[in-house]
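Structure first, then comments.
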Amino acid sequence: MASTDKVYQKTALESQSPASPPATNLSVVDFAVRLLVFASSLTALLVVVTSKQTEIVTVPVLLLQVVRSAKFQHSPAFVYFVVAMSVACAYSIITMAASLSSIFKSSPSSKSLLLLVFFDALMAGIVASATGAAGGVAYIGLKGNTHVGWMKICGTFDKFCRHVGSSIALAVFASILLVLLVMISTYSLYRRSR
């Protein structure tokens, strides 16, 4: 009876192709992560672009009330953030198409995997740097800086600050996903070279 079970297990293992299920599963994971990068970067982009707030602010020196608005266009760091998120959205659409084609093919070429590693690492750097720049400006808006006389603005422009904070959190998530994509592509390339 035991020898029959061993023969059955051996024939069951031989009937499965060992290379195709892991490659297909990894391609599906790659596509799913790229879809998440697209969703998170698009959401971050839309949230920061729609973050506009207008308030009446009292100028303490002149005791006047002035209408002030807060928009992402008022800070070069936020403009850089919007451009980086736009590029990340476009990049994720292009690479989702490439990843989708690799699901239906037997396996992607080593050259295409190497290009994905390079460009995924480049996009991770761009998104992380834009997130850091926007996060630095947002932190000053939240806490201010008494040493140089920069005031807190999040007490006045609370809705704007919440939008910016949410979009920065989504961009951090997109950065982490891009690093994960680098790891997935590198592992696929490593497994191919073995």
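From a predicted model like this one, the values you see are computed outputs, not experimental measurements.
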Rounded to the nearest 0.5 Å, what separation is found between the NZ atom of K159 and the OG1 atom of T50?
8.0 Å
Minimum heavy-atom separation for M85 and A44, please, with both atom names.
SD-CB, 4.1 Å
Any side-chain heavy atom of L26 sitting closer than 4.5 Å to one from Y187?
yes
Measuring from atom OG of S175 to atom CD1 of I168, what distance do you get when rounded to the nearest 0.5 angstrom?
11.0 Å
If you define the side chain from C-beta out and look only at heavy atoms, does anything of K71 sit under 4.5 Å from S69?
yes
Honestly curious: do V182 and F118 fall in one hydrophobic cluster under the side-chain, below-4.5 Å linking rule?
no
State, yes or no, whether a side-chain contact exists between L142 and C161 at a heavy-atom distance under 4.5 Å.
no
When every non-hydrogen atom of V79 is compared with those of F72, the smallest separation belongs to CG2-O, 3.8 Å
Could you walk me through whether M96 and V37 pass side chain to side chain contact (heavy atoms under 4.5 Å, CB included), step by step?
CA-CA 10 Å; M96 273 194 311; V37 168; over 6 Å; no
For residues I153 and V164: do they belong to one hydrophobic cluster (side chain heavy atoms under 4.5 Å, members Ile, Leu, Val, Met, Phe, Trp, Tyr)?
yes
OG/S51 to CG/L46 distance, rounded to the nearest 0.5 angstrom?
11.0 Å
Can you list the steps and then say if C154 with F160 is a side chain to side chain contact (heavy atoms under 4.5 Å, CB included)?
CA-CA 8 Å; C154 287; F160 175 76; over 6 Å; no
Verdict with reasoning, S167 to L45, per side chain to side chain contact (heavy atoms under 4.5 Å, CB included)
CA-CA 7 Å; S167 65; L45 175 67; over 6 Å; no
Step by step, would you call F157 with R68 a side chain to side chain contact (heavy atoms under 4.5 Å, CB included)?
CA-CA 10 Å; F157 298 104; R68 291 284 186 191; 4.0 Å; yes
So, Y80 versus S129: side-chain donor-acceptor pair below 3.5 Å or not?
yes
Distance in Å, L113 CG paired with Y190 OH, rounded so as to fall on 0.5 Å steps
15.0 Å
Could you tell me if the side chain of D30 sits less than 4.5 Å from the side chain of S185, heavy atoms only?
yes
Same cluster (ILVMFWY, side-chain, under 4.5 Å), V87 and V117
no
T43 side chain to S40 main-chain N or O, any donor-acceptor pair under 3.5 Å?
no
Are I176 and L180 close enough that some pair of their side-chain heavy atoms sits under 4.5 Å apart?
no
Mind listing the closest non-hydrogen atom pair of V127 and A171 along with its distance?
CG1-O, 3.8 Å
Heavy-atom donor-acceptor pair, Q53 side chain to A70 backbone, under 3.5 Å:
no
Is it true that R34 and T95 share a donor-acceptor pair across their side chains at a distance under 3.5 Å?
yes
Should L178 and L122 be regarded as members of a common hydrophobic cluster, given that ILVMFWY residues are connected when their side-chain heavy atoms come within less than 4.5 Å of each other, either directly or indirectly?
yes
For the atom pair CG (L116) and OG (S99), what is the distance rounded to the nearest 0.5 Å?
8.0 Å
I140 side chain reached by V137 side chain, heavy atoms, under 4.5 Å:
no
Value for CG (L177) from CG (L170), rounded to nearest 0.5 Å, stands at 10.5 Å
Would you call S41 and Y91 a side-chain contact if the rule is heavy atoms closer than 4.5 Å?
no
Would a hydrophobic clustering, with Ile, Leu, Val, Met, Phe, Trp and Tyr connected at side-chain separations under 4.5 Å, put L115 with L181?
yes
For F38 and C89 the tightest heavy-atom approach is CD1-O, 3.8 Å
